[in-house]
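Worksheet: the structure to be examined is printed underneath.
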Amino acid sequence: MAQMKELEDFSRKTTKWMQVQLELVDMKIGKEIEGLRRDVGDKIEEQALALETSILNLRSQVEDMDSSVQRLTQDGLLTKKEGMELIASIIQQRAAEESGKSLTLDDVRIAARQIVEAELEKHSADGIGRVDYALGSGGGKIIEHSEGFFTGGRAGWLSILGAGLSAGGAVRHPMAHKVLEPSYGEPGQCLPLKGSNVFVEIALRTHIHPDAITIEHVPKSVAYDVTSAPKDFRVFGWLERSIQAGTIARPVKKLLLGEFSYSLDGSNIQTFSFPEEVSRELINTVRIHITSNHGSASHTCLYRVRVHGFEPSPQHF
């Protein structure tokens with residue numbers, strides 16, 4: 001019996017000791033969990049603050065880039081589409097480099113500088129960097145145009161007397177040659193034609209397969225009046241067999257190359273591409289028939305017309 005009592009006492013003391021130990025372990029675990037919870041909370045707060053700072057920095061960079069792109073578009077160096085393409089190209093470059101570097105304003109400036117340099121090079125190449133087969137100094141000629149617009153009074157009659165005659169015997173405006181020359185953005189250096197439904201026919205320097213036409217007007221920023229700018233127009237082309245003869249034979253086939261609209265919201269120099277099937281045709285003469293302008297009831301101004309394409313192989317003839 002004495003041994004049983006000692007065993008019960010030992011068991012009771014052992015159980016109590018184990019309970020105390022468990023309580024101590026629970027307290028220790030609780031403290032460690034609380035400490036871990038605090039550490040995790042601190043780290044989460046720290047990471048959240050770092051993320052917020054990064055977002056603010058990124059937002060600032062985007063705003064700086066957006067501001068830079070807006071300045072470039074306002075200055076006419078970039079369109080909105082080109083601005084978006086600029087940012088996209090920088091992002092693609094970063095991805096290709098796999099450098100992990102963030103976009104900076106310097107990246108935009110470098111890319112913008114490249115665009116400006118390309119634009120300057122393009123400007124030195126006649127503004128668009130494409131061969132102009134209607135260029136007067138290259139052999140292009142005005143064949144005929146609709147009635148010219150002359151200011152009233154003595155000056156107007158003197159202008160008429162000083163003008164030449166077109167192939168059809170009509171009065172040719174003394175400014176007709178301006179259509180085939182660089183205008184340099186100078187207001188008034190254009191061919192003014194009476195009304196809003198007008199035309200001009202141009203003999204190209206040689207036979208070509210046409211692929212585009214460029215219409216130029218004075219920049220809106222320096223124009224006195226933009227309502228005289230052409231709006232809707234059609235382009236016809238044909239192969240004239242006797243351009244150099246005294247009387248011009250009528251064309252065998254007059255082909256519609258395209259119908260387009262010149263917008264005042266775009267660049268003052270706008271190029272319009274012809275359908276691919278048109279480029280298979282051979283022409284040496286074009287007619288630009290303007291069916292409306294941007295509001296002027298009195299006249300329509302043509303600053304410059306350029307015709308693009310490529311010459312046929314010698315075996316064609």
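Below, each value reflects all heavy atoms present in this structure, side chains not excepted, and no hydrogens, waters or symmetry copies.
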Using side-chain heavy atoms (C-beta onward) and a distance below 4.5 Å, is Ile213 in contact with Val286? no
May I ask you to decide if Glu240's main-chain N or O and Asn284's side chain share a donor-acceptor pair within less than 3.5 Å? yes
Atom CD of residue position Glu276 - does it have more than 12 heavy atoms of other residues, nucleotides or ligands inside 6.0 Å? no
Is the centre of the Phe150 ring less than 6.0 Å from the centre of the His173 ring? yes
Would you call Arg287-Glu144 a salt bridge at under 4.0 Å N-O? no
Salt bridge Arg280-Asp211, side-chain N to carboxylate O under 4.0 Å: no
Do the numbers put Lys253 on top of the ring of Trp238, so that NZ or CZ is under 6.0 Å from the six-membered ring centre and no more than 45° off the axis? no
Can His294 and Ser228 be counted as having a side-chain donor-acceptor contact under 3.5 angstrom? no
Glu181 and Arg304 ion-paired at < 4.0 Å: no
Is there a donor in the side chain of Asn197 and an acceptor in the side chain of His289, or the other way round, less than 3.5 Å apart? yes
Any salt bridge between Arg205 and Asp132, counting N to O under 4.0 Å? no
Quick one, Asp232 with Ser261, criterion side chain to side chain donor-acceptor pair (under 3.5 Å). Give me CA distance, side-chain angles, the key distance, then yes/no. CA-CA 4 Å; Asp232 299 312; Ser261 185; 3.1 Å; yes
Treating Arg306 as the side-chain partner and Val131 as the backbone partner, does any N or O pair qualify as donor plus acceptor under 3.5 Å? no
Keeping the roles fixed (side chain from His145, backbone from Ile142), state whether a donor-acceptor pair exists under 3.5 Å. no
Donor-acceptor contact below 3.5 Å, side chain Thr300 vs main chain Leu193: no
Those residues at least two apart in sequence (or on a different chain) that pass ring pair (Phe, Tyr, Trp, His ring centres under 6.0 Å) with Phe233 are Phe260, Phe272
Looking only at atom types and distance, does a side-chain atom of Tyr133 sit under 3.5 Å from a main-chain N or O of Pro210, one as donor and one as acceptor? no
Does Lys220 use its side chain to pair, donor to acceptor, with the backbone of Leu264 at less than 3.5 Å? yes
Does Ser146 use its side chain to pair, donor to acceptor, with the backbone of Phe199 at less than 3.5 Å? yes
Could you go step by step and tell me if Asn268 and Val218 meet the side chain to side chain contact (heavy atoms under 4.5 Å, CB included) rule? CA-CA 6 Å; Asn268 67 300; Val218 67; over 6 Å; no
Set out, in order, the CA-CA distance, both residues' side-chain angles and the distance that settles side chain to side chain contact (heavy atoms under 4.5 Å, CB included) for Ile202 and Thr285, then state yes or no. CA-CA 6 Å; Ile202 302 169; Thr285 311; over 6 Å; no
Under 6.0 Å between ring centres, would you say that holds for His209 and Phe310? yes
Consider only side-chain heavy atoms of I, L, V, M, F, W and Y, link residues closer than 4.5 Å, and tell whether Phe274 and Val200 are in one cluster. yes
Can a donor-acceptor pair be found, under 3.5 Å and without considering hydrogens, that links the side chain of Gln270 to the backbone of Ser263? yes
Do Met175 and Cys190 have side chains that get closer than 4.5 Å, going by heavy atoms? no
Short side-chain to backbone donor-acceptor contact, Arg172 and Ile143, under 3.5 Å: yes
